Amino acid sequence: DEDIAKCLIPINRWVRNKLKKKSPGYRAYIELQNYVIPSYRDDRLQSLSNFAHHVRRVMRPFVPTAQLELFRRNITDLKEVLDKRSCRDRSTSTRKRLLEERRLLPCGAT
């Protein structure tokens with residue numbers, strides 16, 4: 001649960017800094033946060049992929065795509081850590097390079 005809350009940090013910062021507390025986007029985020037923390041209330045979100053899809057669907061009208069992209073990257077990193085197969089792959093130099101390149105933010109200069 002704590003790792004999932006960390007994945008929501010980019011969206012959380014944007015919502016708390018940019019939206020008014022009475023706005024629909026702010027209320028949607030608080031409802032999403034209460035739904036996820038401390039744990040899922042039902043079995044609708046059984047995987048991290050389902051969770052990521054749910055967050056995108058709920059928050060897309062209110063949050064910029066850049067923040068949703070940071071959230072997606074956090075979820076991808078969390079999946080990478082939880083995947084047992086990737087543990088041995090992380091030790092190779094090629095895999096380390098790929099992981100570092102994935103963490104880079106895209107921009108027009110690259």
Side-chain angles (χ1 to χ4, degrees):
D1 292 338
E2 187 176 308
D3 293 330
I4 291 174
K6 286 180 184 176
C7 291
L8 284 170
I9 287 175
I11 296 174
N12 183 358
R13 284 184 187 149
W14 193 89
V15 165
R16 293 192 185 273
N17 290 333
K18 303 289 183 182
L19 296 179
K20 295 181 180 178
K21 289 189 177 184
K22 295 190 179 199
S23 70
Y26 190 89
R27 282 185 263 143
Y29 176 75
I30 296 301
E31 185 177 314
L32 175 74
Q33 190 177 21
N34 290 339
Y35 184 76
V36 172
I37 301 166
S39 62
Y40 301 131
R41 292 185 184 147
D42 56 18
D43 291 336
R44 284 188 293 168
L45 306 175
Q46 295 182 0
S47 69
L48 285 174
S49 298
N50 289 346
F51 171 66
H53 178 71
H54 179 70
V55 170
R56 280 193 309 268
R57 185 171 43 84
V58 170
M59 298 308 296
R60 185 180 302 147
F62 311 110
V63 178
T65 55
Q67 301 306 317
L68 292 174
E69 176 64 19
L70 289 173
F71 167 75
R72 186 193 65 79
R73 288 171 182 267
N74 289 343
I75 288 291
T76 303
D77 289 343
L78 181 59
K79 285 181 189 178
E80 188 75 28
V81 169
L82 295 175
D83 188 14
K84 292 178 184 177
R85 292 175 292 158
S86 69
C87 185
R88 68 170 181 252
D89 293 339
R90 275 185 257 147
S91 62
T92 65
S93 61
T94 306
R95 186 67 176 168
K96 285 180 185 177
R97 184 174 147 259
L98 288 172
L99 289 174
E100 287 301 317
E101 286 182 4
R102 184 189 303 160
R103 288 190 179 107
L104 297 174
L105 294 175
C107 67
T110 58

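Please read these numbers as outputs of a predicted model, since none were measured by experiment.
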- Say you draw a straight line from CG of L8 to CG of N74; how long is it, rounded to the nearest 0.5 Å? 9.0 Å

- Note on the structure: d(T65 OG1, R72 CZ) to nearest 0.5 Å is 11.5 Å

- Task: Grab the two heavy atoms, one from L68 and one from M59, that are nearest each other, plus how far apart they are.
- Result: CD2-CB, 4.3 Å

- Message: Do Y29 and V58 have side chains that approach each other closer than 4.5 Å (heavy atoms only, starting at C-beta)?
- Response: no

- Is it true that L32 and I30 fall in one hydrophobic cluster, defined by side-chain heavy atoms closer than 4.5 Å? yes

- Check L19 against Y26 and note the closest heavy-atom contact, atom names and distance. CD1-N, 3.7 Å

- Closest non-hydrogen atom pair between P10 and Q67, with its separation: O-OE1, 3.2 Å

- Please tell me if the side chains of L78 and L48 come closer than 4.5 Å, counting only heavy atoms from C-beta onward. yes

- Message: When you compare the side chains of N17 and R13, does any donor N or O come within less than 3.5 Å of an acceptor on the partner?
- Response: no

- Salt bridge flag under 4.0 Å for residues R73 and E69: yes

- Note on the structure: Interatomic distance, CG@D77 vs SG@C7, rounded to 0.5 Å, equals 8.0 Å

- Query: What are the two closest non-hydrogen atoms of F71 and F51, and how far apart are they?
  - Reply: CZ-CE2, 3.6 Å

- Message: If you compare all heavy atoms of K21 against all heavy atoms of R27, which two are closest, and at what distance to 0.1 Å?
- Response: O-CG, 4.2 Å

